[in-house]
Amino acid sequence: MLFLVIGIFLSVNPLVGWWGLVKFCEFIFFGWFVVKQEDSSRYLRICFFCGILFESVLALLQFFRQSSLGGVFYCFGERSFTGTTPGVANASINGQLLVRPYGTFSHPNVLAGYLLITTLFLFIRFLQSKHILYLFTIILGTIALFVTLSRTAILLWIISLPLIMLWEHKKKIMSILFSSLCFLFFILLIIFSSVLYGRFFSIFSDSEDISLRLQLGKAAFSMIAQHPLFGVGLNNFLPNLPYYVHQVSFAQLQPVHNIFLFIAAETGIIGGILFCLLFIFAFRSIVVNYILDKSFYLWVGISLSTIILIGQIDHYFVTLQQGQLLFALIIGASFANKKNMIQ
């Protein structure tokens with residue numbers, strides 16, 4: 001906290017730095033609140049179940065309409081957008097621009113990250129309870145995840161589900177469930193084959209996006225080199241970016257797409273090391289407490305690994321409110337050691 005306060009005093013914009021410190025304390029409190037709950041799993045089941053249903057239906061409607069729905073959904077946090085909205089997230093599929101659904105999130109990638117983590121939680125619950133409503137919600141959430149066109153989240157979903165089944169059942173894999181999920185997977189591939197093919201392989205031809213990420217990465221390294229001890233200050237990456245990227249445009253005013261570089265740039269090398277240690281101690285806690293509840297800590301471990309992997313190419317877990325809350329939730333769950341959390 002002392003290093004953060006000093007960094008804020010030395011920053012270009014101390015006001016946004018103090019606001020960042022307030023938010024940092026908020027996430028510390030939320031994570032600690034999760035740690036202290038004696039039956040977090042019951043609340044997670046309810047929240048994730050309702051959240052997946054609501055967000056999936058909204059995302060699918062937005063995707064087929066190619067715009068926001070408006071009306072009462074604005075009160076739930078839906079942003080207003082159409083295909084012509086400046087800066088709207090879209091994807092070029094076979095020469096056609098498709099608007100990616102936001103749900104009530106600030107970006108489709110954040111929606112995809114939420115659906116990935118919450119769907120995996122319900123999937124593990126389904127393997128235990130065989131509840132049909134869980135299966136329906138998982139299928140709906142999976143379809144919504146695919147239409148977000150978030151490449152990393154979709155790839156992690158494809159990898160995680162078989163791994164969870166193998167881990168949970170080892171040699172006693174339920175053949176019917178496995179066949180059903182394989183059938184669902186191939187149906188989704190058939191439905192979205194052209195869309196996914198164009199989306200995944202466009203990354204190799206999107207030189208502009210790669211160039212921007214490289215520029216942001218170089219700017220982050222320069223910030224770390226010039227401010228190694230205290231960083232540029234909380235929430236001060238963007239105010240400092242024009243000093244490190246020449247001829248910066250509005251579209252280029254983005255955080256670096258790597259959570260570790262971002263934290264190190266804003267809080268210095270000390271803050272970056274502490275951030276890495278947070279993950280190390282979280283994984284250590286998961287391993288120590290795994291015997292108490294294997295299924296729950298399996299989900300926490302996969303979720304934490306997901307944050308690290310997505311965090312290598314995106315920043316929303318440390319820059320956007322919904323991503324930050326999800327990150328604090330997973331960190332809190334990592335240090336929770338209540339035996340009855342998932343009973």
Side-chain angles (χ1 to χ4, degrees), residues 30-31 33-35 37-63 69 72-73 75-78 101-106 108-148 150 153-154 156-158 160-161 163-165 167-168 174 177 180-181 184-185 188 293-304 306-307 321-334 336 338 340-343:
F30 179 54
F33 175 80
V34 174
V35 171
Q37 296 306 300
E38 295 184 357
D39 190 14
S40 296
S41 178
R42 180 166 62 91
Y43 299 109
L44 289 178
R45 287 199 302 269
I46 296 172
C47 292
F48 288 171
F49 179 80
C50 297
I52 293 173
L53 286 177
F54 179 81
E55 295 294 343
S56 298
V57 171
L58 180 59
L60 290 172
L61 291 175
Q62 290 173 347
F63 180 75
L69 301 184
V72 69
F73 294 104
C75 301
F76 288 97
E78 182 194 42
Y102 283 72
T104 60
F105 288 80
S106 49
N109 287 344
V110 190
L111 169 63
Y114 171 81
L115 289 175
L116 172 64
I117 291 175
T118 54
T119 301
L120 291 178
F121 178 86
L122 280 192
F123 180 68
I124 294 176
R125 292 298 304 161
F126 172 73
L127 293 180
Q128 295 178 334
S129 65
K130 315 299 186 299
H131 202 297
I132 189 63
L133 286 179
Y134 287 159
L135 180 60
F136 171 77
T137 307
I138 292 167
I139 294 174
L140 187 63
T142 299
I143 296 173
L145 173 61
F146 270 64
V147 301
T148 64
S150 178
I154 293 173
L156 289 175
W157 179 91
I158 294 173
S160 298
L161 259 66
L163 289 179
I164 291 175
M165 293 181 64
W167 187 271
E168 282 285 305
M174 296 180 297
L177 175 61
S180 301
L181 287 173
L184 169 64
F185 172 69
L188 289 173
D293 197 315
K294 297 180 180 180
S295 297
F296 179 77
Y297 288 104
L298 172 64
W299 169 73
V300 176
I302 291 177
S303 299
L304 199 60
T306 296
I307 291 175
Q321 171 76 6
Q322 292 153 320
Q324 291 168 327
L325 287 172
L326 191 58
F327 180 38
L329 170 68
I330 300 303
I331 289 294
S334 301
K338 302 298 187 295
N340 61 340
M341 285 188 67
I342 204 163
Q343 294 177 351

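Numbering of residues begins at 1 and proceeds along the displayed sequence. Worth saying up front: this structure is predicted, and the values here are computed from it rather than measured.
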Working to the nearest 0.5 angstrom, can you tell me the gap between Q37 CD and L44 CG? 10.0 Å
State yes or no: are the ring centers of W299 and F123 separated by less than 6.0 Å? no
Between L111 and P101, the two heavy atoms sitting closest are CD2-O, 3.7 Å
If you look only at distance, which donor and acceptor atoms sit under 3.5 Å apart when one is on a side chain in residues 53-60 and the other is two or more places apart or in another chain?
from, atom 1, to, atom 2, distance (Å)
E55, OE1, T104, N, 3.0
E55, OE1, T104, OG1, 3.4
E55, OE2, T104, OG1, 2.4
S56, OG, I52, O, 2.6

Could you tell me which non-hydrogen atom of V300 sits nearest to which non-hydrogen atom of S334, and how far apart they are? CG1-OG, 3.3 Å
Any chance you could measure L329, atom CG, to F33, atom CZ, to the nearest 0.5 Å? 11.0 Å
Flag the pair F327 / I331 as yes when at least one side-chain heavy-atom distance between them is below 4.5 Å, and no otherwise. yes
Distance in Å, L298 CG paired with I124 CD1, rounded so as to fall on 0.5 Å steps: 4.5 Å
Quick check: closest heavy atoms across G332 and V35, and the distance to 0.1 Å? O-CG2, 3.2 Å
Contact summary for L145 and L115, nearest pair of heavy atoms: N-CD1, 3.8 Å
Distance (rounded to the nearest 0.5 Å) between H131 NE2 and R125 CZ: 10.5 Å
Partner set under side chain to side chain donor-acceptor pair (under 3.5 Å) for E78, not counting sequence neighbours: Q62
With a 4.5 Å cut-off on side-chain heavy atoms, are L120 and L161 touching? yes
Report the relative orientation of the aromatic rings in Y114 and F105; use parallel for angles under 30°, tilted for 30 to 60°, perpendicular for over 60°. tilted
Test side-chain contact (heavy atoms from CB on, under 4.5 Å) applied to F30 and L325, step by step: CA-CA 8 Å; F30 179 54; L325 287 172; 4.2 Å; yes
Between the OG1 atom in T142 and the CG atom in L116, the distance rounded to the nearest 0.5 Å is 9.5 Å
Closest heavy-atom pair and its distance - G113, L326: O-CD2, 4.2 Å
Measuring only between side-chain heavy atoms, which start at C-beta, is L133 closer than 4.5 Å to F49? yes
Counting C-beta onward and ignoring hydrogens, is there a side-chain heavy-atom pair between S106 and Q322 closer than 4.5 Å? yes
What is the distance from atom OG of S295 to atom CZ of F121, rounded to the nearest 0.5 Å? 10.0 Å
V147 and A144: which non-hydrogen atoms are nearest, and at how many Å? CG2-O, 3.1 Å
Is any side-chain heavy atom of L122 closer than 4.5 Å to a side-chain heavy atom of T118? no
